[in-house]
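In what follows, chains are A, B, ... by sequence order, proteins preceding strands, each numbered from 1.
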Amino acid sequence: MLQQTPVVRVIPRLAEWLERWPTPASLAAEPSGEAVRAWDRLGYPRRALNLHAAAVAITDRHGGVVPSDVPSLLALPGVGDYTARAVSVFAFGERHPVVDVNTRRVIARAITGNGEPGPAHKRDLADMEAILPESDRDAQLANIAFMELGALVCTARSPRCDVCPIVEACAWRNAGYPEFAGKRAPTQKKFAGSDRQVRGLIMAELRASEVPVTLAEIDGVWPDDVQRARALAGLLADGLVVSVPGGFELPS
DNA sequence: TATCCGTGGAG
DNA sequence: TCTCCAAGGAT
């Protein structure tokens, strides 16, 4: 849920989710479409599909117990470098670098002296490893500290250097806050009018219905025939929508 | 590697 | 209004 989604938006949804599905097996026992429906408007609904698939994999391959080692976690659908290490470190206390947008920004500023982290890179893991304390517990605390510092103090927009605990050691600050010169991640495309928006509208229609949604109803969510067809085809290809007699519905 | 994939709050 | 950007991952 936290992948590319602000923490404050995740918290209430997570609470509902865990009340309904307290274990991987309980989620795995339901149709994947129920996960997509409960995902509601969190965004990137493929994550709901992945989470359900991960619950199935954990139930099948790991006896319903979430694995603690990074390779096993990485093998789960929708789990990448960040999520695998976050679970291993924060839930199980293993020692790994946890690299997310926050830790990358803190390292970029405090250590490298750049105002922005630039696009994510495989090398980020080694950069984080290089400054990680030796013991499991201290490494865990360091990971937490870097993430919290980036999320609450060393923010992207307007960093609160006046309350930063490491401001005197910050390379970016000590260099006089130079303008970022490196290459940055490509800017997101406009959402309004995008395929993403159309996909979202179609998904909202399906989530709201307990019976198959007709093609005529889907036609009503967006005026551009070509774009609407492309969005629907994409959703079908992604497995977020399935075709049934009489229309379309969430997967089972 | 670049692009695609939602949604909504903040400035 | 409009832009930015958020505990990323898959292809």
Atom-pair distance (CG on A:L42; P on C:dG9), nearest Å: 16 Å
Going from OG1 on A:T23 to CG on A:L27, what distance comes out if it is rounded to the nearest 0.5 angstrom? 8.5 Å
Would you classify A:R9 as touching base, sugar-phosphate or nothing, given that sugar-phosphate means primed atoms plus P, OP1 and OP2, and contacts are heavy atoms under 4.0 Å? base
Is a side-chain N or O of A:R105 found less than 3.5 angstrom from the main chain of A:P117, in a donor-acceptor match? no
Residue pair A:R46/A:S158 against DNA chain B: nearer the 5' end by closest nucleotide is A:R46
In whole Å, I'd like the distance from the CG atom of A:L152 to the P atom of C:dA6. 13 Å
Check whether any side-chain N or O of A:Q3 sits under 4.0 Å from OP1 or OP2 of C:dG9, and answer yes or no. yes
Check every strand shown and say whether A:P45 touches a base, only sugar-phosphate, or nothing at a heavy-atom separation below 4.0 Å. sugar-phosphate
Rounded to whole angstrom units, what separation is found between the CD atom of A:Q4 and the P atom of C:dA10? 13 Å
A:R160 atom CZ: more than 12 heavy-atom contacts under 6.0 Å: no
Tell me what A:D238 touches on the nucleic acid: a base, only sugar-phosphate, or nothing, going by heavy atoms under 4.0 Å. nothing
Are the side chain of A:S88 and the backbone N or O of A:S68 linked by a donor-acceptor pair below 3.5 Å? yes
Rounded to whole Å, how long is the line connecting atom CG of A:D40 with atom C1' of B:dG8? 13 Å
For A:G80, answer base if it contacts any base atom (sugar-phosphate contacts may also be present), sugar-phosphate if it contacts only those atoms, and nothing otherwise; contact means non-hydrogen atoms under 4.0 Å. sugar-phosphate
Can you measure A:Q197 atom CD to C:dC2 atom P for me and round it to whole angstrom units? 14 Å
Is the distance from OP1 or OP2 of C:dA6 to the nearest side-chain N or O of A:R105 less than 4.0 Å? yes
Looking across every strand, which nucleic acid part, if any, lies under 4.0 Å from A:S194 by heavy atom: base, sugar-phosphate, or nothing? nothing
Quickly, which of A:E205, A:M203, A:R199, A:E249 forms a side chain to side chain contact (heavy atoms under 4.5 Å, CB included) with A:V241? Name it, please. A:M203
If you check the A:D81 side chain, which of B:dT1, B:dT7, C:dG9 turns out closest? C:dG9
Can you figure out which of B:dA10, C:dG9, B:dT7 approaches the side chain of A:Q188 most closely? B:dT7
Which is true for A:R13 with a 4.0 Å heavy-atom rule: it touches a base, it touches only sugar-phosphate, or it touches nothing? nothing
Without decimals, in angstroms, what is the distance between A:F146 CZ and C:dA7 C1'? 15 Å
Decide salt bridge (Lys or Arg N to Asp or Glu O under 4.0 Å) for A:R123 and A:E129; before the verdict, give the C-alpha distance in whole Å, the side-chain angles of both, and the deciding distance to 0.1 Å. CA-CA 10 Å; A:R123 181 163 171 273; A:E129 170 65 39; over 6 Å; no
Which residue, A:L2 or A:P77, contacts DNA chain C at a nucleotide closer to its 5' end, judged by nearest heavy atom? A:L2
Which part of the nucleic acid, if any, lies within contact of A:E148, taking any heavy atom under 4.0 Å across all strands shown: a base, the sugar-phosphate backbone alone, or nothing? base
Of A:R207 and A:K183, the one whose nearest nucleotide on DNA chain B sits closer to the 5' end is A:K183
Under 4.0 Å: is that the gap between some side-chain N or O of A:K189 and OP1 or OP2 of B:dC4? yes
Using whole Å, what does the distance between atom P of nucleotide C:dA6 and atom CZ of A:R104 come to? 10 Å
When you compare the side chains of A:R47 and A:N50, does any donor N or O come within less than 3.5 Å of an acceptor on the partner? no
So for A:T5 and B:dG6, does any side-chain atom that can act as donor or acceptor lie under 3.5 Å from a complementary atom in the base? yes
Counting the atoms with a prime plus P, OP1 and OP2 as sugar-phosphate, which does A:A86 contact under 4.0 Å by heavy atoms, base, sugar-phosphate, or nothing? nothing
Over how many whole Å does the gap from A:R41 atom CZ to C:dA6 atom C1' extend? 17 Å
Closer than 4.0 Å, any side-chain N/O of A:R47 to the OP1 or OP2 of C:dG8? no
Regarding A:V8, tell me which of base, sugar-phosphate or nothing describes its non-hydrogen contacts under 4.0 Å with the strands shown. nothing
C1' spacing across the pair C:dA7 / B:dA2, given as an integer number of angstrom: 23 Å
Taking the minimum atom-to-atom distance to the side chain of A:R157, which one of B:dA10, C:dA7, B:dG6 wins? B:dA10
